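For clarity, every value in this text was computed on a predicted model and none was experimentally measured. Here is the naming used below: chain letters follow the sequence lines, and residue numbers restart at 1 for every chain.
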Amino acid sequence: MAVTGDETESATTGGMSGYQMSSPASGLSQVMDSSPDSLPSPQLLAEEASRKRELRLMKNREAARECRRKKKEYVKCLENRVAVLEKQNKTLIEELKALKDIYCCKNE
DNA sequence: CGGATCGTGCGTCACCAAGG
DNA sequence: CCTTGGTGACGCACGATCCG
């Protein structure tokens, strides 16, 4: 959603570095694979790399979603706990007050 | 009405810890 | 080692609300 598709790499954040595999499929890679029985062509390697990247991004996207869901749930739990403890505290204060009253009257 | 500001969710990156 | 999953931080988009 949003972020108008486009594989613009979101290089927005300056100084990203790392990843970016700068698609070796361009330039260098074009050097018509000289050795016939050489393993995967640069083109294939590039495709493989980009496939891996897509997969990683997808997994991380889902992980981030799950992470946020859990965090939200955790916060909700904490809020509930706060509510319970506040109620309990109130009750205890009332109880203490009542006991104090009793103690006072006895001592007269 | 239209711009400014705020709150929220999302995707991505970087980093870390655990496991193979 | 390398891989993988979880998470903090960042920037972006978008809807809601405020205010002149």
Q: Evaluate the salt bridge (charged side-chain N to carboxylate O under 4.0 Å, His left out) criterion for residues A/Glu48 and A/Arg51: first the C-alpha distance (whole Å), next the side-chain angles of each, then the deciding distance (0.1 Å), finally the verdict.
A: CA-CA 5 Å; A/Glu48 173 72 3; A/Arg51 221 194 72 246; 2.5 Å; yes

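In this structure, A/Glu62 places its CD atom 10 Å from P of B/dG11, rounding to the nearest Å. If you take CZ of A/Arg61 and P of C/dC10, they are 22 Å apart, rounded to a whole angstrom. Following rounding to the nearest Å, A/Met58 (CE) and C/dT4 (P) show an atom-to-atom distance of 13 Å. C/dG5 atom P lies 13 Å from atom CD of A/Glu66, rounded to whole Å. The CG atom of A/Leu57 sits 14 Å away from the P atom of C/dT4 (whole-angstrom rounding). Protein atom NZ of A/Lys72 is 9 Å distant from nucleotide atom P of B/dT8, rounded to whole Å. The interatomic distance linking A/Lys71 (NZ) with C/dA9 (C1') rounds to 10 Å, in whole Å.
Look at A/Lys59 and you won't find any side-chain N or O under 4.0 angstrom from OP1 or OP2 of C/dG6. Close to C/dT3, at under 4.0 Å from its OP1 or OP2, lies no side-chain N or O of A/Lys52. The phosphate of B/dC10 has neither OP1 nor OP2 within less than 4.0 Å of any side-chain N or O from A/Arg65. Here A/Arg56 does not reach the OP1 or OP2 of C/dT4: none of its side-chain N or O atoms lies under 4.0 Å away.
Taking the side chain of A/Arg53 as heavy atoms from C-beta on, and the options C/dG8, C/dT7, B/dC13, the nearest nucleotide is B/dC13. Picking from B/dT12, C/dT7, B/dG9 the nucleotide with the shortest atom distance to the side chain of A/Lys70 gives C/dT7.
By the 4.5 Å heavy-atom criterion applied to side chains, A/Leu57 and A/Arg53 are counted as neighbours. For the pair A/Arg61 and A/Arg65, the minimum side-chain heavy-atom distance is below 4.5 Å. Side-chain contact between A/Met58 and A/Glu54: absent, with no pair of heavy atoms (C-beta onward) separated by less than 4.5 Å.
At a cut-off of 3.5 angstrom, the base of B/dG11 holds at least one donor-acceptor pair with the side chain of A/Arg68. For A/Asn60 against C/dT7, a side-chain-to-base donor-acceptor contact under 3.5 Å is present.
Here SG of A/Cys77 is found 10.0 Å from CD of A/Glu79. Values are rounded to the nearest 0.5 Å.
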